[in-house]
Structure formats: structure tokens, C-alpha cells
Amino acid sequence: MAGPQQDADWPGGLWAATVAALREARRVVRHAGVTKKLDRLLRRAERNLGRRPEAALRLPDLGLGPDGSRRLPCGDHTAVLTVTDEATLTWERADGRALKSLPAAARRDHPDHVTAARDLRGKARAQIRTLTRALEGGYLAGAVHRYDRWRDALATHPVARGTAGRLIWEVENAPGDWRAFLPAAGPADHPDPAPDPSAAVRLWHPARATPAERDLWRDRIADLRLHQPFRQAYREHYRAPESGHSTAMFQGHLVRIEAVLGLAVRQGWNIDDDILALPLDGFTAWLGIAGSLYPGAAGWAEVGEVTLRRADGSPQALAEMDAVRLSEVLRSVDLLISAGSFAWCDDTHAHGPESRRQLNRLYAQPLGRTAQLRRAALRRILADHLTSGRMELDDRHLRLDGHDIHLATGRVTRSGDPVEITLPTGRQAVPLPFLPYDEALLERVVRTVAHLMEREGSAAPS
């Protein structure tokens, strides 16, 4: 049986407490210079936290009861902190009747109690964000937990259970035999009989699943209308076609350097002799960029190979890498390329002739993994309209009433000609249906569909 990762006793808790403290300080500080410095420190601490998944098992319970709530007396009223998917603060009268908002008497007569209740809510929200970051970082770290530690620190923890319950987990019943389950689906979905306390538990990842298993979990997430803490069922996954220590699967893409570097810093990449380096436990990933890289660099550059090297500098064969860790490295590279290729299309660079030529080039390329998952999500979101025949999903486009919406760029054309779409914002924006994950381009495509249907006199997607 695979051995669960050993939890470091102090570092994980220290990093979790540090990140939570920085978030709390950032929330209350008003000085512009201090907030900028805190933002830099927070980004650095979060990157380090992503490499310490043991921090997810060391969150304090904040005095919450087994039901995930805590009652805080405030004169004749009571503040009720409840942690489920998110931390919420509600108010009750002395007789237990719920109030719609903070009572004026509590604000006037007990301001310290009100502040304390709000501060506790802020700490709970900070812990949830810390937990989410640490759990997702466990993919790259190869995190595996003992079942009893997972049960006590995540599945039944008053702060963590709302987050952990919406994720798909795997428990090892026998050596190499993993069974996936989703706690939020209810008790019937939990392992039966209960696993041995020392059994290994890990997060499910699509790189380890078959196509049928991936479709099953995506359908189930959609049926339950479950919003996962981070992209898991719809997570991009990759397998390099080469078996050596480098892959050319991203080679040749043109990217905007400033967009790539901005995201690279947040993802933990460093600039090393005009190459982007992602240092990880036991190896380093290198991404070649045909350009001069330095803070503040700008312009276009061509992407080169992704290379893996061990800590001693020797080549790391792709075929010998854990499937999930390799997939996560390649996912990080794809995110950089997506940001540099597509994200800039909505900013000031989008109007120059060079940018238009680049957009047309990207428009003609096959869909990447992120766009493929966007297509899978749209197939579920718009299932009724697709069944009716009004809409059609092909390899790269969503087609509606003669309009083609590109799934990788969001660009709209009709009979090959570009169509400028100005989407309503604010109160005029069309309400969104349930989306299985947060992504700006997925949201834009759905809003574009709703806008076109409304313009044609049809009901918007629901």
C-alpha cells in the first residue's frame, strides 16, 4: 500500500498561520504603500503554501461546533457564524428569530462585539482560501494522507469539511486499487466498509482516470450543481508524446511576453538566463522563450521546449514522472501560453494590426486543453438548446443562428466576417446559468450566447 505523506509538525502550520495573518492584515490596512507590500508578501507566501499541502491538515477550528457554527452574544442579539461552502454571518433576536441584517441596537451599543464577530468571519474566510490553495498545491507535491488524518482534519473539520466535501477523493482499498468518491454526494457515496485508518487517501485527478470516468464525474458535478473549490472534474490534463527529458508540445506558439511574465510570477516561475524555471521538490521544469526575459520585458516571443531536470542537474525522463505531477507542470505551461495568447485580446493591444493578425492565427489553431474543457462544460450547460437543434457544437465553434463563437478566443463571426459583440454589464447583464467552474472566457461565451438569443427574440439559456 502506498505510504501516506508524512506531515511536518511545524512548517505547515506556520505557513498556514502566516498566510491567514497576511490576508487579515491586508483586509484591515488602508495605507496604499503598506497594502502593496502586503500584496507582494501574500503572493510569495501563497506560492510557498502551495508546496506545503500538509498545511491543509493543520487549520484551527475557530471555536466552531460540530455543525460548523458558532454563536456570539451581542447584547440582546446573537451573531451566528456558519461555515459551509463559505463563511457567513447572520443575526438573531433574543427569541431566536432570524434578522435580515445587523440590528442597529447591536451596532450602536456593542460595536466591539460586532467587530469581533466580523473579524472571526474574516479569519474563517482566510482559512478557507488557505485550505483551497494548500489542497490544490498537493497535486504538484504528490500529497497522500492517512485516512484517519483526512477524516479528522478535512472531512469532519468544522472549517474544512465544506471545501473538502465538494472535491473528489480516492481511497486505496488494496495496493494499487483506488476507489473514487464524492463526500458532498451524501453518505451513500462514502467508502463502505470504512477504510482502515492507515489507508491512503488522495485527491482524484483526471490524468489518472479513463475518458469514461472523467465524463462520469463531470456529469455528476453538473447534476448536483456543485461548484468545486478549484477546477478538478474539469481540470486540464496532459500527457507528453515524448519519452525523453523534454517535450515540444508547446513549441512554436507566439505569446505576449508581459502577459506571460505577469502570470509566471504568480505561478512560481523564476527567470533564469532568459529561461523560465519552475523549481519543485526533486526536479525543475524549464520553459524556453525565444526572447530576452527580465522584469518589465515586453513584445512577442516564440515558445520553445519544456525540459525537466533533477535537483542535481541531470535530465529527468518524462516517462518516469508521476502522471499527475507531469500533467500539472504542463498545465502550468499551458496557462502561461493561454494568458499570453488569448487574454491580451481584451486589452489595449487588441486593436493593432499585429494583434489582429495574431488573433487570426490563434483562431485557426486546433483547440488546446483548456478550450476542450470549455467545450465539455458548454455541452452540459446548453444541453437543452443543443438537443433542440438550435445550437451546434463542432470541434472549435459553438454555432447559433448563423453565428460562430470560437471556443478558444470567444471571437464571433458570421459567414466568416467578424461580428462585434458588446455585452451588457452591471444590472443590464443577463443572469448566468450554473457554471461548473469559474473562468472569464467560459462566462463570456455563455453571455454571448444569451445575448444573441435575446437579440433574436428567444429565451436565454437557463
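As the structure is a prediction and not an experimental result, all values here were calculated from the model.
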For the residue pair Ala301 and Ile289, what are the closest heavy atoms and their distance? CB-CG2, 3.6 Å
Trp150 vs Val171 side-chain heavy atoms within contact, under 4.5 Å: no
Candidate list Arg414, His397, Arg399, test side-chain hydrogen bond (donor to acceptor under 3.5 Å, both in side chains), partner Asp404, passing option: Arg399
Kindly check if the number of other-residue, nucleotide or ligand heavy atoms within 6.0 Å of CG (Asp223) is above 12? yes
Ile405 versus Leu452: any side-chain heavy-atom pair under 4.5 Å? yes
Short N-O contact, Arg380 and Asp215, less than 4.0 angstrom: yes
Considering all heavy atoms, the nearest Ala209-Glu213 contact: CA-OE1, 3.2 Å
Has the side chain of Gln228 got a donor or acceptor atom that lies under 3.5 Å from a matching backbone atom of Arg166? yes
Say you draw a straight line from CD of Gln232 to OH of Tyr139; how long is it, rounded to the nearest 0.5 Å? 4.0 Å
Whether the side chain of Arg161 engages the backbone of Asp67 through a donor-acceptor N/O pair (distance < 3.5 Å, no angle test) should be reported. yes
Taking Arg375 for the side chain and Ala371 for the main chain, is one N or O donor matched with an acceptor at less than 3.5 Å? no
Is the backbone N or O of Ala87 less than 3.5 Å from a side-chain atom of Arg125, with the two atoms forming a donor-acceptor pair by type? yes
Do any N or O atoms from the side chain of Asp274 and from the backbone of Leu293 form a donor-acceptor pair under 3.5 angstrom? yes
State, with a plain yes or no, whether a side-chain heavy atom of Leu442 is found less than 4.5 Å away from one of Leu378. yes
Counting N and O atoms only, with roles assigned by atom type, does the side chain of Ser332 sit under 3.5 Å from a partner on the main chain of Glu328, one being a donor and the other an acceptor? no
Separation between CZ of Arg444 and CG of Leu423, rounded to the nearest 0.5 Å: 4.5 Å
For the side chain of Arg218 and the backbone of Ala233, is there at least one donor-acceptor N/O pair under 3.5 Å apart? yes
Under the side chain to side chain contact (heavy atoms under 4.5 Å, CB included) criterion, do Leu386 and Met391 qualify, and how do the steps go? CA-CA 5 Å; Leu386 291 168; Met391 295 182 193; 3.7 Å; yes
Could you check whether Glu136 pairs with Arg231 (Lys NZ or Arg NE/NH1/NH2 to Asp/Glu carboxylate O, under 4.0 Å)? no
Between Arg121 and Ala117 (side chain of the first, backbone of the second, donor and acceptor by atom type, cut-off under 3.5 Å), is there such a pair? no
What do the steps show when you test Thr163 against Leu154 for side chain to side chain contact (heavy atoms under 4.5 Å, CB included), and what is the final call? CA-CA 8 Å; Thr163 299; Leu154 293 174; over 6 Å; no
Near Arg239 CZ, under 6.0 Å, is it more than 12 heavy atoms from other residues, nucleotides or ligands? no
Would you say Trp169 and Leu203 make side-chain contact, with heavy atoms under 4.5 Å? yes
Atom pair CG (Leu400) and CG (Leu382), whose distance is rounded to the nearest 0.5 Å: 9.5 Å
Does the side chain of Arg208 come within less than 4.5 Å of Arg202's, by heavy atoms? yes
If we ignore hydrogens and angles and just use 3.5 Å, is the side chain of Trp286 paired with the main-chain N or O of Asp272 as donor and acceptor? no
Test side chain to side chain contact (heavy atoms under 4.5 Å, CB included) on Tyr238 and Val333 and set out the steps. CA-CA 11 Å; Tyr238 304 80; Val333 173; over 6 Å; no
Anything under 30° is parallel, anything over 60° is perpendicular, the rest tilted; go ahead and classify His227 against Phe434. perpendicular
Would you say Val306 and Met249 make side-chain contact, with heavy atoms under 4.5 Å? no
For Pro229 and Leu167, which heavy atoms make the closest approach, and how far apart are they? CD-CD2, 3.7 Å
Does the side chain to side chain contact (heavy atoms under 4.5 Å, CB included) test come out yes or no for Phe250 and Leu330, once each step is laid out? CA-CA 9 Å; Phe250 301 108; Leu330 298 176; 4.0 Å; yes
Which heavy-atom pair separates Ser327 from Glu236 by the least distance, and what is that distance? OG-O, 4.1 Å
What are the two closest non-hydrogen atoms of Glu242 and Ala248, and how far apart are they? OE2-N, 2.9 Å
Is a side-chain N or O of Arg133 found less than 3.5 angstrom from the main chain of Arg129, in a donor-acceptor match? no
I need the minimum non-hydrogen distance between Trp217 and Ala180, along with the two atoms involved. CZ2-CB, 3.7 Å
Can you measure from OG1 (Thr130) to CD (Gln127) and round to the nearest 0.5 angstrom? 7.0 Å
Measuring from Arg447:CZ to Leu432:CG, what's the distance to the nearest 0.5 Å? 3.5 Å
Are the side chains of Pro60 and Val159 in contact, using a 4.5 Å heavy-atom criterion? no
Taking the side chain as C-beta and beyond, is there a heavy-atom pair between Trp91 and Val114 under 4.5 Å? yes
Enter the distance from Trp269:CH2 to Thr284:OG1 here, rounded to the nearest 0.5 Å. 10.0 Å
